[in-house]
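Input: a single structure, listed below in structure tokens.
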Amino acid sequence: EFGVDWRLLAAIGYQESHWRANAVSPTGVRGIMMLTEATADYLGIEDRVDPQSSIFGGAEYFARQTERVPDTVDEPDRTWMALAAYNIGFNHLKDVRTLVEWQDGDPDSWIDTSAALPLKAQRKWYTQLPYGYARGWEPVLYVNNIRAYYNILKWLTDQEEPPEAELADEDEPEETA
């Protein structure tokens with residue numbers, strides 16, 4: 001429905017809650033996709049711990065974060081930045097892109113962005129940015145973990161044999177030679 005690979009959603013859900021529908025974090029996020037109350041309200045989700053609502057909400061929220069990433073960011077960096085925004089918030093990602101520019105890096109590169117994200121936890125940097133402090137090392141670990149889970153799921157599903165084609169006319173007698 002939102003154009004998100006089911007394996008990526010599964011990887012996000014595993015990172016967020018280990019697929020536990022009733023998961024609750026100390027900060028109050030809930031459900032498989034660990035949605036905040038504000039995000040659930042924004043998405044029209046009534047029950048964050050309902051698995052279907054949580055997964056569809058997480059998919060929609062991820063898709064919206066992806067749309068917010070500038071068009072200048074190519075895949076797969078676009079996906080990694082959208083995941084970081086899912087975790088830390090899009091405005092903190094915007095701050096980090098600014099930091100990357102200040103350091104003469106490429107703000108469209110996940111490598112440069114992930115190197116700058118931890119700076120959001122350093123007073124020297126976060127006091128100069130509009131959205132302030134954030135635990136910038138967390139989205140780096142978050143994205144790396146999801147990438148690992150996603151790669152495993154892709155590898156496993158790519159190894160699956162396609163279902164055998166069913167015989168079109170099973171009732172027809174076999175030809176004899």
Side-chain angles (χ1 to χ4, degrees), residues 1-36 39-40 42-90 92-93 96-97 106-118 134-168 170:
E1 187 171 329
F2 299 104
V4 181
D5 184 335
W6 71 266
R7 297 167 296 190
L8 183 60
L9 286 176
I12 295 168
Y14 187 75
Q15 172 63 29
E16 289 287 357
S17 68
H18 285 64
W19 302 324
R20 291 177 295 132
N22 293 322
V24 181
S25 84
T27 60
V29 294
R30 297 175 172 265
I32 291 173
M33 303 303 276
M34 294 300 240
L35 302 174
T36 65
T39 298
Y42 168 71
L43 298 170
I45 307 267
E46 293 181 18
D47 183 1
R48 294 182 287 163
V49 296
D50 171 64
Q52 183 174 351
S53 295
S54 184
I55 293 167
F56 274 82
E60 182 177 359
Y61 187 64
F62 173 75
R64 289 185 182 199
Q65 296 309 307
T66 304
E67 290 169 3
R68 295 177 79 184
V69 174
D71 291 338
T72 55
V73 180
D74 294 325
E75 287 295 350
D77 294 11
R78 183 178 195 80
T79 294
W80 311 145
M81 288 191 199
L83 285 170
Y86 187 107
N87 177 257
I88 199 171
F90 188 77
H92 287 298
L93 180 65
V96 171
R97 290 173 54 80
D106 179 0
D108 294 342
S109 159
W110 172 246
I111 291 172
D112 289 357
T113 302
S114 64
L117 268 160
R135 295 183 306 261
W137 66 90
E138 284 185 2
V140 176
L141 296 172
Y142 178 87
V143 171
N144 287 343
N145 287 345
I146 290 172
R147 287 176 70 174
Y149 303 146
Y150 178 60
N151 286 337
I152 290 166
L153 290 171
K154 280 183 61 174
W155 181 82
L156 287 170
T157 56
D158 288 347
Q159 302 303 311
E160 291 179 354
E161 299 269 333
E164 289 186 34
E166 294 182 27
L167 293 174
E170 293 180 329

**Asked** Are Ile146 and Leu8 close enough that some pair of their side-chain heavy atoms sits under 4.5 Å apart?
**Response** yes
**Prompt:** Between Pro139 and His92, is any pair of side-chain heavy atoms under 4.5 Å apart?
**Reply:** no
**Message:** Are there over 12 heavy-atom neighbours, none belonging to Leu141, within less than 6.0 Å of that residue's CG?
**Reply:** yes
**Request:** Kindly write out the residues that satisfy ring-ring contact (aromatic ring centres under 6.0 Å, His included) with Tyr14, not counting sequence neighbours, or none if the list is empty.
**Result:** His18, Trp19, Tyr149
**CD on Glu1 to CD on Glu60, rounded to 0.5 Å** = 8.0 Å
**Fill in**
Heavy-atom nearest pair, Asp47 first then Ser53, reads O-CB, 3.5 Å
**Message:** Could you check whether atom CD of Glu75 has more than 12 heavy atoms from other residues, nucleotides or ligands sitting under 6.0 Å from it?
**Reply:** yes
**Asked** Stepwise, does the side chain to side chain donor-acceptor pair (under 3.5 Å) test hold for Asp108 with Thr72?
**Response** CA-CA 7 Å; Asp108 294 342; Thr72 55; 3.0 Å; yes
**Item:** Closest contact, heavy atoms only, Asp106 versus Asp112
**Value:** N-OD2, 2.7 Å
**Asked** Listed by chain and number, what are the side chain to side chain contact (heavy atoms under 4.5 Å, CB included) partners of Pro76, not counting sequence neighbours?
**Response** Trp80
**Fill in**
Here the gap from Asn87 atom CG to Arg135 atom CZ, rounded to the nearest 0.5 Å, amounts to 8.5 Å
**Asked** How far does CD1 of Ile45 sit from CG of Asp50, to the nearest 0.5 angstrom?
**Response** 8.5 Å
**Prompt:** Quick one: salt bridge (Lys or Arg N to Asp or Glu O under 4.0 Å) partners of Asp5, sequence neighbours excluded?
**Reply:** Arg7
**Asked** If you measure from CD1 on Ile32 to CD1 on Ile12, what distance do you get to the nearest 0.5 Å?
**Response** 12.5 Å
**With Arg78 via salt bridge (Lys or Arg N to Asp or Glu O under 4.0 Å) - residues at least two apart** = Asp71
**Asked** In chain order, what residues pass the ring-ring contact (aromatic ring centres under 6.0 Å, His included) check against Trp137, with sequence neighbours excluded?
**Response** none
**Asked** How far apart are the closest heavy atoms of Val49 and Arg30, and which atoms are they?
**Response** CG1-CB, 4.1 Å
**Request:** Would you confirm whether Thr113, through its side chain, and Ser109, through its main-chain N or O, come within 3.5 Å as a donor-acceptor pair?
**Result:** yes
**Item:** Other residues, nucleotides, ligands: >12 heavy atoms within 6.0 Å of Phe56 CZ
**Value:** no
**Message:** Ignoring hydrogens, what is the shortest heavy-atom contact between Ala63 and Val4? Give both atom names and the distance.
**Reply:** CB-CG2, 4.4 Å
**Distance-minimising heavy-atom pair for Phe62 and Ala82** = CE1-CB, 3.6 Å
**Request:** Would you check, one step at a time, whether the test side-chain contact (heavy atoms from CB on, under 4.5 Å) holds for Leu117 with Tyr142?
**Result:** CA-CA 12 Å; Leu117 268 160; Tyr142 178 87; over 6 Å; no
**Request:** Calculate, to the nearest 0.5 Å, the distance between atoms CZ and OH belonging to Arg64 and Tyr42 respectively.
**Result:** 4.0 Å
**Flag, side chain of Arg48 to backbone of Leu35, donor-acceptor distance under 3.5 Å** = yes
**Request:** Kindly determine whether Met33 and Leu9 satisfy side-chain contact (heavy atoms from CB on, under 4.5 Å), including the steps that lead there.
**Result:** CA-CA 9 Å; Met33 303 303 276; Leu9 286 176; 4.0 Å; yes
**Request:** State, to 0.1 Å, how close Val140 and Pro118 come at their nearest heavy-atom pair, and which atoms those are.
**Result:** CG2-CD, 4.2 Å
**Message:** Suppose we screen for salt bridge (Lys or Arg N to Asp or Glu O under 4.0 Å). Which residues come up paired with Arg68, at least two apart in sequence or across chains?
**Reply:** none
**Request:** Give, for atom CD1 of Ile152 and atom CZ of Arg147, the distance between the pair rounded to the nearest 0.5 Å.
**Result:** 13.0 Å
